[in-house]
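Worth knowing before you read on, the calculation uses all heavy atoms, side chains too, and leaves out hydrogens, waters and symmetry mates. Residue numbers count from 1 along this sequence. The structure displayed is predicted, hence computed values, not measured ones.
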Amino acid sequence: AKRHERSISAVSLAGCFAFDAYAFGRIDHAATQAVFIVYLLVAGVTIAVLHGLESRPDGGKPSDRTRTILVAVTQFALGCLLSGFCVFYIRSASLTSSWPFLLAMAAIFIGNEYMRRYHARLVFSALLLFFALYSYAIMLVPVATGRMGPRWFIVSGVVALVVFFFFMRALARLGHDRYRAARMQVFTGMVAITALLNAAYFLRVLPPLPLVLTDAGVYHKVKRIGAVFQAQQEQEPPEWQALFGTHAIMHVQPGAKLYLYNAVFAPRGLRTRIVHDWQWLDPAKGWQSQQRVAVNILGGREDGFRWYTSKTNPRPGQWQVDIQTVDGRAIGRVRFAVEEQAVPPAVSPVALK
């Protein structure tokens, strides 16, 4: 294992993330929560067992084999946790605003695979567990309470701190001298992690978990008929072209309307408000908000809560609609251009999911 550690780490890194991306379903499923809790328990128990063994007198310290196994199990459990967090944070994130946090999360996930020897150190493993615990609490509290917002984010932090406090007290009982030597470093790291996560939240770079944009588009008309949303669409460029800045061009007659339709997944029972911010690109002043429309949503539907807003007589030029929480946290964005013409545009009917 030591001889092929780098190859094993690279393969497990890619395989773990690919498996989690495929296997993890809805964030509110009991099985998903059970998997996260089991990984947290495995990581916590192996850290505690290794700490207790390392705290024994010299004659009773663990063998290299025992130490290697415990470190490997700890690393595996924390790696699986971080991989799962990456999957859900990426699903929820708008890359335009959340990329710094996603990059940091990915760096921690990758670093965990290549820092095996550091897992034997109490400070490193304890702080990585605290980060995982805090990240899980951020996901769990909205699912459990059905509420989102700054108050519930703070509750998430309190939950993580209380649980970690009792974990550290358990470590103190298992090996006081080793715990005492590491406690100030652990405390400093806890403060730093708490400050960074709170900064990411209040600077709006933390993704708005557990919300996920499942569908969005701009249309000439949207109408709900029973359980189906019917729309009229113009031909759009292929999705891959949007990556290079080629967005849909909507041809409108004077006085016409455009509709922004979307579906946003939220866990069962979660209630919150989502905003459509229609913005026009002013050549002199940049993006200018033209209207903001807020809608109350209720979670539970597999393909997301569906609704639409409209803009009457949109002026020619570049447009974007930001789909965000009421506190400005980005869920997604739809970009398009508007051109006026005298005749009705060619459209085709489409059923929206």
### Message
Just to verify, what does Q341 make a side chain to side chain donor-acceptor pair (under 3.5 Å) with, not counting sequence neighbours?
### Response
none
### Message
Please report whether the ring centroid of F130 lies less than 6.0 Å from that of F167.
### Response
no
### side chain to side chain donor-acceptor pair (under 3.5 Å) partners of W280, counting only residues at least two apart
none
### Task
Sorted by first residue and then second, give each side chain to side chain donor-acceptor pair (under 3.5 Å) pair with at least one member in residues 263-274; sequence neighbours left out.
R273-N296
### Query
Which pairs with one or both residues in residues 41-69 pass ring pair (Phe, Tyr, Trp, His ring centres under 6.0 Å), sequence neighbours excluded?
none
#### Entry: Side-chain donor/acceptor of E339 to backbone N/O of M250, under 3.5 Å
no
## Note on the structure
For residues 279-307, the salt bridge (charged side-chain N to carboxylate O under 4.0 Å, His left out) pairs (sequence neighbours left out) are R26-E302, D277-R292
### Query
What pairs with S348 under side-chain contact (heavy atoms from CB on, under 4.5 Å), at least two apart in sequence or on another chain?
Q233
### By side-chain contact (heavy atoms from CB on, under 4.5 Å) - contacts of I90 (at least two apart)
F17, L102
### Task
Answer whether the closest heavy-atom distance between the side chains of D215 and V264 falls below 4.5 Å.
no
### Query
Do the rings of Y89 and F85 sit parallel, tilted or perpendicular, given the 30° and 60° boundaries?
perpendicular
Let me check something: any side-chain donor-acceptor pairs from residues 39-49 under 3.5 Å, sequence neighbours excluded? List them with distances.
unit_1: T46; atom_1: OG1; unit_2: V42; atom_2: O; d: 2.9
unit_1: T46; atom_1: OG1; unit_2: A43; atom_2: O; d: 3.0
unit_1: T46; atom_1: OG1; unit_2: T74; atom_2: OG1; d: 2.7

#### Entry: Q253 side-chain N/O to A342 backbone N/O, donor-acceptor pair under 3.5 Å
yes
#### Entry: pair V252-H220: side-chain heavy atoms closer than 4.5 Å
yes
### Query
So does D177 pair up with R180, basic N to acidic O under 4.0 Å?
no
### Query
Should the ring pair Y261 and Y219 be called parallel, tilted or perpendicular, given that the plane angle runs from 0 to 90° and is split at 30 and 60?
perpendicular
### Query
With no hydrogens and no angle check, is any side-chain donor or acceptor of Q33 less than 3.5 Å from a backbone partner on I27?
yes
### Message
Less than 4.5 Å apart, side chain to side chain, heavy atoms only: is that true for E54 and L50?
### Response
yes
### Summary
Sorted by chain and residue number, the side chain to side chain donor-acceptor pair (under 3.5 Å) partners of T66 (sequence neighbours excluded) come out as S63
Report, one line per pair, each donor and acceptor closer than 3.5 Å where one atom sits in a side chain of residues 153-166; sequence neighbours left out.
unit_1: S156; atom_1: OG; unit_2: A137; atom_2: O; d: 3.3
unit_1: S156; atom_1: OG; unit_2: W152; atom_2: O; d: 3.0

### Query
Can you check whether L122's main-chain N or O pairs, donor with acceptor, with S125's side chain at less than 3.5 Å?
yes
### Side-chain touch Q288/W278, heavy atoms, less than 4.5 angstrom
no
### Query
Which pairs count as salt bridge (charged side-chain N to carboxylate O under 4.0 Å, His left out) when at least one residue sits in residues 316-334, sequence neighbours excluded?
D322-R333, D327-R329
### Query
When the ring planes of W307 and H276 are compared, do they come out parallel, tilted or perpendicular, using 30° and 60° as the limits?
parallel
### Task
Kindly state each residue pair satisfying side chain to side chain donor-acceptor pair (under 3.5 Å) with at least one member in residues 196-214, sequence neighbours excluded.
Y134-N198
